[in-house]
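Starting off with a structure, shown below.
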2 protein chains.
Amino acid sequence: MSTSKAARTPTDPVDAIIDQWAAVRPDLDTAAMEVFGRVFRLSRAMGDRMEKTYARLGISRGEFDVLATLRRSGDPYALSPRQLSATLMLTTGGMTGRLDKLERAGLLRRSPDPHDRRALQVTLTDKGLTLVDEAVGAGLAVQTEALSSLDEEQAGQLADLLRQLLAGTGRTSR
Amino acid sequence: MSTSKAARTPTDPVDAIIDQWAAVRPDLDTAAMEVFGRVFRLSRAMGDRMEKTYARLGISRGEFDVLATLRRSGDPYALSPRQLSATLMLTTGGMTGRLDKLERAGLLRRSPDPHDRRALQVTLTDKGLTLVDEAVGAGLAVQTEALSSLDEEQAGQLADLLRQLLAGTGRTSR
DNA sequence: AGTAATTAGCTTAGCGCTAAGCTACTTATC
DNA sequence: GATAAGTAGCTTAGCGCTAAGCTAATTACT
C-alpha cells in the first residue's frame, strides 16, 4: 500500500490534552508531555494487548515474565525466587504468589537448592518450556505488527532515541 | 534483521535481554523489543517518579489524573463521574473510590446535576484548584528534567515517531 | 567456639483496581 | 400513559500488588 494520505498527523489525543492545558494554563511548558504522554499511552495500550495475547495461552503478563526470565537464563532454566524478584522488580511477596500459580499449573517446579538450605531453585518444566516458547513468539508477533506503522529506519531511530532517554533517566532516578 | 551494534552505545538492560534471547532462541525476530522493551521500562520508571512527585503533595498519581482532568476542562471545573471514568479509562467502581478519597480530602465536591437526577457534577474546590496547579507544575518539571538527555531536535523527532506509532497501534487494537 | 548481623522465602494486612450486579432515574416505543 | 430499554453511580467479591514482619539458615565478627 502506498501512503497516499498526508504524512502529517493532524492531532492525536495527546495533542488535544496539550491544547487544553494551553487554553487554561498558557504559562506551562508542556513540551515534555509530547514525549512522556505518548510513552505512557503506548505502554498501556501495548500492555493491554500483550495481556490478551498471553491470556489465550492461559497465563497473565506477569506470569509470562517469570517464565520468560527462566527461559532466557538458558539451560538448565533454574533461578532462585530471589533472583527472579530482583530481575522483575517485584517484592518477594508478589513473587511467592506468581510462583504458587505457575507451580499449580505445572509450568515450573520449586526444589531445594543443594548449596544453600535457605534457598530454592525454580525450574521450568517441559510443559513450561513449551508454553513459554509459544508465548514469546506470539508476543513478538503482536509487537512486530504494531511496529509496522514505522519503516525500518524510523524504528531504528526510535529505538536509539529511547535508549538514550532511558539511559539518562535511569541515572537521575531515586 | 538487526543492525550492527554501534560501539558508542554502551548497551542498556534491554540490549542485554535481547542478547540473552539471541543466545537461546536465535530464530526469534526481536527487533520490536528494541522499541517496546524500552517503552515499557521508560513508562514504569517515569511513572514511579511521577508517583513520588505527587506523593509529596499528598495525592496519588491516579488522584492527580482526576484533578488534572477537571482542571483542563476549564471553568467551572465540573464533569460527571461518568465523563471522568471514560476519559481516564477507568471502571465506574474505580472512579467512585478515587472521588471518595478526593472528596474526603476537600479537593473536590460532588453535587447533584440540575438537569439529570441520576447524574452528579464533580467540581474542583479552591483547595483542589490550588493543589492541582502546583502538582502539574511539579510533574512537568520532573518530565522536563528527564527529557534533558535529548536536545530539542531529538525530542521533537522522538515525539513525532511516537505519535505515528501510537496512531498506528491505536487503530489495530482489539 | 559463640554471638550478631544478614539473607531467603513466606505470611498477613491493606490498597486500588476490575467485573458483575444493584437501584434510581431517564428516554424511546407503542 | 404504560412499559421496555438504556444510563448514572454505587456496592461487593476477587485479584495482584506492596510493606512489614516472621522463621530458618547462613555469614561475619570477636
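Note on naming: letters A, B, ... go to the chains in the order of the sequence lines (proteins, then strands), and numbering restarts at 1 for each one. Any value given below was found using the heavy atoms of this structure, including those in side chains, with hydrogens, waters and symmetry copies removed.
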Point to revise | Salt-bridge criterion met for A:D100 and A:R110 (N-O under 4.0 Å) | key: yes

Study note, to complete from the structure: Regarding the side chain of A:D116, the nearest nucleotide among D:dC10, D:dT18, D:dA25 is D:dA25

**Study point:** Rounded distance (Å) that lies between atom P of C:dT18 and atom CG of B:L88
**Key:** 11 Å

Check your understanding: Do NZ/NE/NH1/NH2 and the carboxylate oxygens of A:R109 and A:E103 come within less than 4.0 Å?
Key -> no

Check your understanding: Could B:D12 and B:R38 be called an ion pair, given the rule that one side-chain N must be under 4.0 Å from one carboxylate O?
Key -> yes

Check your understanding: Rounded to whole angstroms, how far apart are CG on B:D48 and P on D:dC17?
Key -> 15 Å

Review point. Just checking A:G97: base, sugar-phosphate only, or nothing, at a heavy-atom cut-off of under 4.0 Å?
Key: nothing

Practice item. Mind calculating the distance between CG (A:D113) and P (C:dA8) to the nearest angstrom? Key: 11 Å

Check your understanding: Which whole-number value in Å describes the distance from A:L120 CG to D:dT26 P?
Key -> 12 Å

Review point. Of the candidate nucleotides C:dC10, D:dT26, D:dC10, which contains the atom at the shortest distance from the side chain of B:R110?
Key: D:dC10

Practice item. Kindly indicate whether the side chain of A:R118 and the base of C:dT7 share any N or O donor-acceptor pair separated by less than 3.5 Å? Key: yes

Check your understanding: Take atom CD in B:E134; do more than 12 heavy atoms of anything else shown fall under 6.0 Å from it?
Key -> no

Point to revise | First of A:T91 and A:H115 reached from the 5' end of DNA chain D, by closest nucleotide | key: A:T91

Review point. Just how far, in rounded Å, is C1' of C:dC15 from CZ of B:R104?
Key: 12 Å

Check your understanding: Touch check for A:S60, heavy atoms < 4.0 angstrom, all strands: base, sugar-phosphate only, or nothing?
Key -> nothing

Review point. Where the side chain of A:Q164 meets the backbone of B:S149, is there a donor-acceptor pair that is under 3.5 Å apart?
Key: yes

**Study point:** First of B:M95 and A:K101 reached from the 5' end of DNA chain D, by closest nucleotide
**Key:** B:M95

Review point. What's the CZ-P distance between A:R98 and D:dC15, to the nearest Å?
Key: 16 Å

Revision key, fill the gap. Picking from C:dT18, C:dA8, D:dT11, the nucleotide nearest the side-chain atoms of B:T96 would be D:dT11

Point to revise | Rounded distance (Å) that lies between atom P of D:dA8 and atom CZ of B:R82 | key: 5 Å

Point to revise | Rounded distance (Å) that lies between atom P of D:dC17 and atom CZ of A:R61 | key: 12 Å

Check your understanding: How would you label the contact of A:R117 with the nucleic acid (heavy atoms, under 4.0 Å): base, sugar-phosphate, or nothing?
Key -> sugar-phosphate

